[in-house]
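Naming convention: chains lettered A, B, ... in sequence-line order (proteins, then strands); numbering from 1 in each chain.
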Amino acid sequence: MTAAVRVTRDERDLLVVARAAFGREPFAFVEAVLAEARPLRAPGPTAMGVLERTLARAAVLELARSGGAVSRARVAGEGVARGRAWEVAPPPELLFSGYAFALLRWLVVAPLGDKTRTVPAFAETPRGLGDELVARGVVSLVRGTSLERLVASQRGVRASVLAWLSHAPSLAAAEGEEASRDGPRPAWGALFAPPLSVAVPCLEDALVAEWVARTREGPRGATAVECARVGEREVEVLRGLVLAAREARRVDLLTFLVRAAARLLPREASPEGVALSLAARLPEQGPLRDRAAARRVIAPLLRVVAELAHDHDALAAVRFFEEGHAVAQATLAAWEPLGKDGFARASRALTALDGLDPTARPEEGV
Amino acid sequence: MSRAYRVSIRGSVERVVHLEDGVSSRLELLPILSRERMASLLGESLGRRGFVVVAGRARREEGDGVVTEVALETGEVTVHVARDAEIALSRERTAAVYEERLDEERAALEARLAAELDREAEGAAEEARVEITAALERRLRDLAPELDRAIAEVSAVALEEKARSLGEVEEIRRDDATGEVTIKVRL
């Protein structure tokens, strides 16, 4: 049984924001705390103890629920083992540095919803997996709300590689904001070394769901020019991820992209129809040149997955006596929901988007 | 006692606005024969459709200022429209002003009229831009399927040539509805 603890009102604000960052409280519950400038004196030892336990438990639960607890074939060192994440590899170290506290504190004290006041910038750098999970969770919390752009434009948030991995569209869309100028680019290299390389497979199911949802949401901009800018940036970010994975010889960590593409392009659906349905939601005003540019990048995920066909072939070409055969076979099995023909379906979807007539509608293109 | 005056201001704007819009894409030309031969077949096919082929590029004027250009070797197709629009606006504004504020009010009236004319001119330019975009859209609706047919024709001819280079062609069947071509070759 959990014993009740007594905390001050300030401390209570900090604790509920921490819970909300891991989806343990809905946005509506903390909206006022985020929007207003709330005072926050230095939390006492009781509140800090609760905060530490809250973050540690919520982070473990997040990693387990997002895919870590599913028994599946997983890359472990040079080989492959079947089981839950913690059964095949030592659990990653969950380090929460001052970054996590500073980010949560910033959310409480900064008047994020008050346009008449200057919001102090948040520019810390995450130091550990715990920090990364908090940053990712904070963007998840504000996604789709009026606070999304402001939070996603902060240098400290943009320094989180997991925030980019889950929310590249939000971070790309916020790029025009003042706070994001000359901000850090995603340092994808960190993703392919422990502890993040261990954490990413644990987040795989959540990443699939996030990328499917974001692609189906359609364009992120009020004008064709803005949609094109955000889409092009997303493509660039995802290509950077793919390049980094190839360099680290860890394309298995891109499985979430392939699984998301399989959900977006089911075998029974026409790829052209899917692509043109997404494009049909683009703004219909403005020069055709801008609308064509926006249309080409309406589905960055499909564009990048189509380019993974080469990696699929390379994995299939690894012979049984060669180093990496087990990992290649396990990756191919994980990519099977899309299958070899799925990469061709992704290419067909892109051909429809790249077509000459940017006003073509699904019924015309199918 | 101050006297009131009626002040009339006349202003006009004359501008020539250059408007452009265009789209580009790449035709899916299968590498059945050599690049040069495929380009040559594409040039012939487009030539039959009214394109003029010069220095590796096929060009056709579509009317309404719309021009289609195809780079034969790369299959890069560009549809472009450019037009100069003349905008001529003239407006007159009248206001009653008191004598002691005559210069001030006249200047304010002139500034208001200039801003109004500027807004109207921008609106007229946007209308003209929408018009050329609409012309381009109308043309693209017919052009995209026409170019698809040209590509299908080029592919069929290229396949025939390829088949002939492999052996003796016994039979060629074409399905115009699906674009399917079946070629039987005796090797």
With a 4.5 angstrom heavy-atom cut-off, which part of [X] approaches chain A: side chain, backbone, both or neither?
X	answer
Leu147(B)	side chain
Glu20(B)	both
Val77(B)	both

[atom1] of [X] to [atom2] of [Y]: how many Å apart, nearest 0.5 Å?
X	Y	atom1	atom2	value
Asp354(A)	Arg26(B)	CG	CZ	10.0 Å
Glu146(B)	Leu356(A)	CD	CG	11.0 Å
Asp21(B)	Asp290(A)	CG	CG	7.5 Å

Give the member of Ala292(A), Pro287(A), Gly286(A) that has the highest number of heavy-atom pairs under 4.5 Å with chain B. Pro287(A)
Answer yes or no: does atom [atom1] of [X] have more than 12 heavy-atom neighbours from other residues, nucleotides or ligands under 6.0 Å?
X	atom1	value
Glu28(B)	CD	no
Glu171(B)	CD	yes
Glu86(B)	CD	no
Arg10(B)	CZ	no
Arg48(B)	CZ	yes

Nearest heavy-atom neighbours spanning Leu288(A) and Thr133(B): CG-CG2, 3.8 Å
Val23(B) versus Arg289(A), closest heavy-atom pair with distance: CG1-N, 4.3 Å
